[in-house]
Amino acid sequence: MNGGNKDLTAEVAVIGGGPAGLLSAIALQAAGVDTLLIAPQPTDDHRTTALLAGSVTALATLGIWPACLANAAPLKAIRIVDDTKRLIRAPEVAFTAAEIGFDAFGYNIENRHLSAALYARANELKLPHIAAGATAVTCERAGVIVSFAGGTARVRLAIGADGQRSISRTAAGIGTQRRAYPQTALALNLAHGRPHADTSTEFHTESGPFTLVPLSGRRTSLVCVLDPATAAALAAQPDAELSAEIERRAHSIFGAMHVEGGRGVFPLAIETAQAFAGHRVALVGEAAHVVPPIGAQGLNLGLRDAATLAELVAEAHRRNRDVGAADVLGRYDALRRADVMSRSFAVDMLNRSLLTNFVAAQGARGLSLFLLDRVGPLRRAIMREGVTPAASQPRLMRGEMV
Ligand SMILES: Cc1cc2nc3c(=O)[nH]c(=O)nc-3n(C[C@H](O)[C@H](O)[C@H](O)COP(=O)(O)OP(=O)(O)OC[C@H]3O[C@@H](n4cnc5c(N)ncnc54)[C@H](O)[C@@H]3O)c2cc1C
């Protein structure tokens, strides 16, 4: 949808075409809700996403997964190695998906492939798309007006999927709590000599995790959490030097490593919106919460936001109710709170236990990993909770349409 001045109306506008926004828009369009996507064309993103089993089920339910599969690598096992030089070190712990009856904990996929599969499905469903950013969002009593270059859209509900610097969130008057960490993530992809055996390996270091996650073939994605100066210095190195340094830090577990083009540097922070919805705006993904890239939580939470919201909105639509009404938004906020807060807390605690020089905290982390290694029921409960969180199982994550 392009060209000319437009004054459009729709039931719902989704602002932002990252994965959380696209999943929301596709789920609503598939449910017959009059939906409009307002999003500029995607930019280069060399990151990858470890999609946990529930997210994969949601993508399959909406007909998106077949286009992802050829570029997705299964995560059949996870190894955690304490690579700190500290007095109290945790034992190495390994988990396999087979222990809880799963083929894989999930799949790792490059964001560019995930985005292409989402856009392909949106096109198949003929989702109306304004290929421009929203320039203003105005909340009124009976609706929301979203402005973009060349026109406006008047809707009952705006879904703010516009990322960390969300203008939708600001328009709804929703503040955030934010704390920056003294850490930066360096993210890149590599090719290597030996197979990764579908195993994700996480080295815990004093500056944060160094996590290698399988990609298809003899390739792996790396998220390396460092102090900001070291991250900047490594990111500026020529390919050959950086490859050698990464291989050294990875203890050569996959043999010789060669970094691919495209490196990303991400300062780490944790941020949570004070409310996930208000004034006819509902927030999904990083507009609602940002967590550090530790333990593959961020987008998995974002996709659960999208699935939960789509379910509530589709239900209101089927009952001929106002999809942006306060009770719909109130239910959304209530349904997402426990999941988002518990995951944010867990990621924050793990990260802090690595950074601290406080021996008791190091001991607690070591003890937790020791118990996870030795106590079977606890291990299996934690693994199941990671893959299918008790606090949030929206329909799409259970294989049902919204
Ligand atoms: C290094 C790294 C590794 C990660 N690995 C994982 C992982 O393995 N598993 C996991 O679950 N999560 C992971 N995450 C987190 C994950 O990448 C994010 O949670 C996810 O990208 C957020 O998706 P989103 O759709 O909410 O936001 P975004 O992807 O940020 O998309 C927001 C979109 O909104 C658009 N936008 C902004 N302003 C406007 C506007 N005014 N109008 C219209 N559009 C607008 C932007 O162009 C963008 O396309 C990782 C993060 C990092 C930094």
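In this text the structure is predicted, and so the values were computed from the model without any measurement. Note that ligands are numbered from 1 as they come in the structure, with each ligand's atoms numbered from 1 the same way.
Under 4.0 angstrom from ligand 1, the non-hydrogen atoms of E286 come from both its backbone and its side chain. Contacts between P293 and ligand 1 below 4.0 angstrom, taking non-hydrogen atoms only, involve the side chain exclusively. Using a 4.0 Å cut-off between heavy atoms, A187 contacts ligand 1 through its side chain alone, with no backbone atom that close. Proximity of I38 to ligand 1, defined as any heavy-atom pair under 4.0 Å, is confined to the backbone N, CA, C and O atoms. Here Q164 has no heavy atoms under 4.0 Å from ligand 1, in either its backbone or its side chain.
Between T48 and ligand 1 there is a heavy-atom distance shorter than 4.0 Å. Using a 4.0 angstrom heavy-atom cutoff, P42 does not count as in contact with ligand 1.
Nearest non-hydrogen protein atom to atom 13 (C) of ligand 1 is L299 N, 4.2 Å. Given atom 29 (O) of ligand 1, the protein heavy atom at minimum distance is P19 CD, 3.7 Å. Looking from atom 8 (O) of ligand 1 to the surrounding protein, the closest heavy atom is A50 N, 2.8 Å. Taking atom 17 (O) of ligand 1 as the reference point, the nearest protein heavy-atom neighbour is R47 NH1, 3.2 Å. Protein heavy atom at the shortest distance from atom 32 (C) of ligand 1 is A161 O, 3.5 Å. Protein heavy atom nearest atom 30 (O) of ligand 1, with residue, atom name and distance: G163 CA, 4.1 Å. Scanning the protein for heavy atoms near atom 40 (C) of ligand 1, the closest one is A134 N, 3.7 Å. The nearest protein atom to atom 37 (C) of ligand 1, hydrogens excluded, is given as D162 O, 3.4 Å; this is a heavy-atom distance.
Looking at R336 and L301, their side chains come closer than 4.5 Å, going by heavy atoms from C-beta outward. Annotation: side chain of T230 is not in contact with side chain of S207 (no heavy-atom distance under 4.5 Å). Considering only heavy atoms from C-beta on, I15 comes within 4.5 Å of V137 through its side chain.
Side-chain contact, T49 with N111: a donor N or O sits under 3.5 Å from an acceptor N or O.
When the salt bridge (charged side-chain N to carboxylate O under 4.0 Å, His left out) test is applied to R337, the partners found at least two apart in sequence or on another chain are D333.
A salt bridge is defined here as a Lys NZ or Arg NE, NH1 or NH2 lying under 4.0 Å from an Asp or Glu carboxylate O, and D327 with R331 fails to meet this definition. E315 and R318 are not joined by a salt bridge, as no carboxylate oxygen comes within less than 4.0 angstrom of a charged side-chain nitrogen.
Applying the 4.0 Å criterion to heavy atoms of I15 picks out, from ligand 1, the atoms 42 (N), 43 (C). Against a heavy-atom cut-off of under 4.0 Å, G133 is close to the following atoms of ligand 1: 42 (N), 43 (C). Of all the atoms in ligand 1, the ones that sit under 4.0 Å from a non-hydrogen atom of G298 are 10 (C), 11 (O), 12 (N), 19 (O). Set against the non-hydrogen atoms of G18, the atoms of ligand 1 under 4.0 Å away are 25 (O), 29 (O), 31 (O), 33 (C), 49 (O). Distances below 4.0 Å separate heavy atoms of I167 from the following atoms of ligand 1: 41 (N). The contact set between ligand 1 and T49, taken as ligand atoms under 4.0 Å from a residue heavy atom, comprises 7 (C), 8 (O), 9 (N), 10 (C), 11 (O). If you number the atoms of ligand 1 from 1 as listed, the ones under 4.0 Å from a heavy atom of G285 come out as 26 (O).
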TODO: Test salt bridge (Lys or Arg N to Asp or Glu O under 4.0 Å) on D34 and R156 and set out the steps.
DONE: CA-CA 10 Å; D34 177 17; R156 307 287 275 173; over 6 Å; no
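The environment of CD in E140 is crowded: more than 12 heavy-atom neighbours from other residues, nucleotides or ligands sit within 6.0 Å.
Interatomic distance, CG of L283 versus CG of D162, reported as 8.0 Å (0.5 Å rounding). Rounding to the nearest 0.5 Å places NE2 of H258 at 10.5 Å from NE2 of H192. Distance check, rounded to the nearest 0.5 Å: CG of L234 to OG1 of T184 gives 11.0 Å.
In terms of modelled atom types and a separation under 3.5 Å, the side chain of Q297 and the main chain of R343 share no donor-acceptor contact.
Residue A39 places no N or O, backbone or side chain, under 3.5 Å from any N or O of ligand 1.
Shown are H251, E92, H204, E206; of these, the side-chain contact (heavy atoms from CB on, under 4.5 Å) with D83 is made only by H251.
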